Amino acid sequence: MTKIEGLGDWKRTQYCGEVSDKEIGNTVTLMGWVRTSRDHGGVIFIDLWDKTGIVQIVFSPQVSAEIHSRGASLKSEFVIAIKGNVRPRPQGTENTALPTGKIEVVVDEMKVLNESETPPFELDEEQIGEEVRLKYRYIDLRRERMQKNLLLRHKATQETRKFLTEKGFLEIETPFLARSTPEGARDYLIPSRLNPYSFYALTQSPQLFKQLLMVGGADKYFQLVRCFRDEDLRKDRQPEFTQIDMEMSFVEKEDIMEISESLMKRIFETAGHKIKTPFTKITYDEAISRYGVDKPDIRFGLELKDITDIAKQTDLKIFHQVLEKGGIVKAINVSGGAETLSIKVRNDLIEYIKGFGAGGLAWIEVKADSCHSPIVKYFKEEQLNRLKEVLGTKAGDLILIVADNKQITNTALGSLRMKLAEDLGLLKDVEPFSLVWVIDFPLLHYSMEENKLEFAHHPFTSPVEEDLKYLDSEPEKVKSKAYDVVLNGTEIASGSIRLHNRALQEQVFKTVGLSKEETEEKFGFLLEALKYGAPPHGGIAFGFDRLMAIMMGEDSIRDVIAFPKTQKGICLTTKAPSSVNEKQLKELHIKLDK
RNA sequence: GGGGUCGUAGUUCAGCUGGUUAGAACGCCUGCCUGUCACGCAGGAGGUCGCGAGUUCGAGCCUCGUCGACCCCGCCA
């Protein structure tokens, strides 16, 4: 049995990764974890690890037989403290791969502070299944990748606080336990013990509170804040996630954009990355038209082209069926695709596209002086020529065509575009980080399922003044003062100039069919606040986890969160959520329906 | 709510057309080794093939169900 000892009067003199040749000759006290040991029978080398790195410590029989044999008994991830002498490594045994590779520490005394079971996975192994990693997250966190991610995340949060403070922002906390509001995502509900049959909702975002702070004269607010949404999860969506939330008074959207760009610049600098500012701006309409999505990755081509006019003139029945229902036909041109995309791959793409509700995907191979495709016989020479012209094809290209209603066509082809970029390696030689503003969003959009108008952004977004005249007649034509930041095809921020005029806010509510009574019941407190000197204001919120993940080259936000949840919302480390006992339920007046 | 991929030793994986005793690497254990840093050498232990049914003379492999992880659609103002 290993004897476990207390620290006693031992004090750490420096971190493992900080021992350098400046300390040669000094006695140091180090503490950390046993990473790997190399036992040569005589001399024993151990890599001692802490968050700063690794230093080689040496157990030599020349010091004493006792310390040598105690060194031999150490196992992986034991926690130890050592006192020893720093000396240069013998000539020829330096390790240039290690920052501390010029020196080593000869152990004179050691305390074993704690033992460890053999870890369930190797800490220097890259490819470990996520399930095991999350179950033993505290061990996973000792690995270099997670250490790096957490450190960078820390630096980014600190830089954010520093930067916004310099700019005159106040960090103000807002409640998590809040009122459930009808719009938006599903709420996480918290029963109130003191108020039987009533529930709080965990905030989906501090949206309303930050607006109230503006009415309260805060002028410039920010918060690194947790948000909660009870929706299905993805690799970039966790039930609780972090936003950099900001709001400013007496500003227009250009002011928000400018401060956002500066903030992004500073954050990327913490990771040693330079980004281009100002960001490229693209309107919502243009994004949909050229990329099919409102979060375009503009680092590569493969742009969507509307070929509805050409399709109209062909004899292809499917096209005409789609057109009669008011649909559209769009296409992309895959350079060299006739060769690189086999028939089998094309069939896979068809399956992929069907996942978005599209009926199918047609293809046309472009040859030097002809076109090859099952549907080419329905095209006249002139139509094929126009098609080639619109898409800018050359011999060996492959045209991919989707015909469906506007939304499905754009979404399907836009997603296909991203998939092809990935599959064909189009993202290899592009700039690593491309930030884009998407602007001029519509204020409202029509929901087919709900059969009514809905808010495209959120209910407090200000319409563009010039479009107010359409609010009653053609509400879908009204543009809003909303803006998104898109990073490499992922939405990382969203914001808007808000409505601060009560009458206009009420008019907007009316447009989506909310009655005065309903709005009073649901948002009465905000409408009330707008009565009392609400300044013009606007803001933005950055999805901090997404930003961090992309900046660190991680595929999932789970890898930039210390304790993330699985796709079913389970914490594998703590086994939350769990059942609770009868007493707890009774206090909350809850009966389970099981 | 729906579609898909995966689940075999502690870990990462292989396991052919259903056929003898389920393999490899790393890790782990024992021994040897005084300059390694992916130390080396010799030996060894380690398996509910996620779980449950079914088909079959026989199932890691086929079928159905179920559980879990992941990816996607819907959803996420």
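In this text the structure is predicted, and so the values were computed from the model without any measurement. Throughout, protein chains are lettered first and strands after them, A, B, ... in sequence-line order, and every chain is numbered starting at 1.
What separates CD of E117(A) from P of G10(B) is a distance of 14 Å, to the nearest Å. For R186(A) and C76(B), the CZ to C1' distance is 9 Å, given to the nearest whole Å. In this structure, F356(A) atom CZ and C75(B) atom P are separated by 12 Å, rounded to whole Å. One atom, CG of L123(A), and another, C1' of G10(B), lie 13 Å apart when rounded to the nearest Å. For the pair R558(A) CZ and C70(B) C1', the interatomic distance rounds to 7 Å; values are reported in whole Å. Following rounding to the nearest Å, Q127(A) (CD) and G10(B) (P) show an atom-to-atom distance of 20 Å. Distance R89(A) CZ to C37(B) P: 11 Å, rounded to the nearest Å. Rounded to whole Å, atom C1' of C71(B) lies 11 Å from atom NZ of K419(A).
Residues of residues 559-567 of chain A that place a heavy atom closer than 4.0 Å to RNA chain B, in numerical order, are T566(A), Q567(A). Within residues 53-61 of chain A, the residues approached by RNA chain B to less than 4.0 Å at the level of any non-hydrogen atom are Q56(A), P61(A), in residue-number order. Interface residues of residues 39-50 of chain A facing RNA chain B, ordered by number: D39(A), H40(A), G41(A), G42(A), V43(A), F45(A); criterion, heavy-atom separation under 4.0 Å. Less than 4.0 Å separates RNA chain B from at least one heavy atom of each of the following residues of residues 226-245 of chain A: R229(A), E231(A), D232(A), R234(A), K235(A), R237(A).
For E122(A), the side chain to side chain contact (heavy atoms under 4.5 Å, CB included) partners two or more places apart in sequence, or in a different chain, are D124(A), E125(A). Annotation: ring-ring contact (aromatic ring centres under 6.0 Å, His included) contacts of H68(A) (sequence neighbours excluded): none. Every residue two or more places apart in sequence or in another chain that forms a ring-ring contact (aromatic ring centres under 6.0 Å, His included) with F509(A) is listed here: F523(A). Evaluation of the side chain to side chain contact (heavy atoms under 4.5 Å, CB included) rule for V79(A) yields W33(A), L113(A), N114(A) as partners, not counting sequence neighbours. In this view, S342(A) and K344(A), V345(A) satisfy the side chain to side chain contact (heavy atoms under 4.5 Å, CB included) rule, not counting sequence neighbours. Under the ring-ring contact (aromatic ring centres under 6.0 Å, His included) criterion, F121(A) pairs with no residue, sequence neighbours left out. Remark: E474(A) pairs with Y470(A), K477(A) by the side chain to side chain contact (heavy atoms under 4.5 Å, CB included) rule, at least two apart or across chains.
Sequence order on RNA chain B of the closest nucleotides to G129(A) and E122(A) puts G129(A) first from the 5' end. Residue order along RNA chain B, read from the 5' end via each residue's closest nucleotide, puts F121(A) first among E104(A) and F121(A).
Closest approach to the T118(A) side chain among G68(B), C28(B), U11(B) is made by C28(B) (side chain taken as heavy atoms from C-beta onward). When distances are taken from the side chain of P120(A) to each of G68(B), G35(B), G10(B), the shortest belongs to G10(B).
Rounded to the nearest Å, the gap between the P atom of G47(B) and that of U11(B) is 13 Å. Straight-line distance between the P atoms of A45(B) and A25(B): roughly 15 Å, to the nearest whole Å. Across U8(B) and C61(B), the matching P atoms stand 13 Å from one another, rounded to whole Å. With C1' as the reference atom, G10(B) and G1(B) are 38 Å apart, rounded to whole Å. G19(B) and C28(B) have their C1' atoms separated by 33 Å, with the value rounded to a whole Å. Look at the C1' atom in both G7(B) and C49(B): the space between them is 10 Å, to the nearest Å. Comparing U20(B) with G58(B), their P atoms are spaced 15 Å from each other, to the whole Å. Atom C1' of A14(B) sits at a distance of 24 Å from the matching atom of C71(B), rounded to the whole Å.
In this structure U30(B) sits in a base pair with A42(B), meeting the Watson-Crick or G-U test at under 3.5 Å. For U5(B), the paired nucleotide is A69(B), the pair qualifying as Watson-Crick or G-U wobble because both relevant distances are below 3.5 Å. Across all strands shown, U63(B) forms a Watson-Crick or G-U wobble pair, both distances under 3.5 Å, with A53(B). With a cut-off of 3.5 Å on both pairing distances, C75(B) has no Watson-Crick or G-U wobble partner at all. As the counterpart of U11(B), A25(B) is assigned, both hydrogen-bonding distances of the Watson-Crick or G-U wobble pattern falling under 3.5 Å. Across all strands shown, nothing is found opposite C16(B) as a Watson-Crick or G-U wobble partner with both distances under 3.5 Å.
Side-chain atoms of P239(A) and L233(A), non-hydrogen and from C-beta on, do get closer than 4.5 Å to each other. The shortest distance between side-chain heavy atoms of K522(A) and L514(A) falls below 4.5 Å. Between E247(A) and L213(A), the closest side-chain pair of non-hydrogen atoms is not below 4.5 Å.
Counting atom types as modelled, R38(A) pairs no side-chain N or O with a base atom of U34(B) as donor and acceptor under 3.5 Å. The base of G35(B) sits within donor-acceptor range of the side chain of R87(A), with an N or O pair under 3.5 Å.
R70(A) places a side-chain N or O within donor-acceptor distance of the main-chain N or O of M110(A), the cut-off being under 3.5 Å. No donor-acceptor pair closer than 3.5 Å links the side chain of R89(A) to the backbone N or O of E104(A). A donor-acceptor pair under 3.5 Å links the side-chain atoms of Q505(A) to the main chain of P459(A), judged by distance alone. Of the possible polar contacts, one joining the T573(A) side chain to the L134(A) backbone as a donor-acceptor pair under 3.5 Å is found. With hydrogens and angles ignored, the 3.5 Å screen pairs no side-chain donor or acceptor of E422(A) with any backbone N or O of L420(A).
Counting non-hydrogen atoms under 4.0 angstrom, T96(A) reaches nothing in the nucleic acid. Nucleic acid contact for A97(A): none, since no nucleic acid atom lies under 4.0 Å from a heavy atom of the residue. R133(A) comes within 4.0 angstrom of nothing in the nucleic acid, heavy atoms only.
With R546(A) as the partner, the salt bridge (Lys or Arg N to Asp or Glu O under 4.0 Å) test is satisfied by one option alone out of D236(A), D559(A), D555(A): D236(A).
Distances shown here put every side-chain N or O of K75(A) at or beyond 4.0 Å from the OP1 or OP2 atom of C28(B).
For residues 40-68 of chain A, the pairs satisfying salt bridge (Lys or Arg N to Asp or Glu O under 4.0 Å) are R38(A)-D47(A), with sequence neighbours left out.
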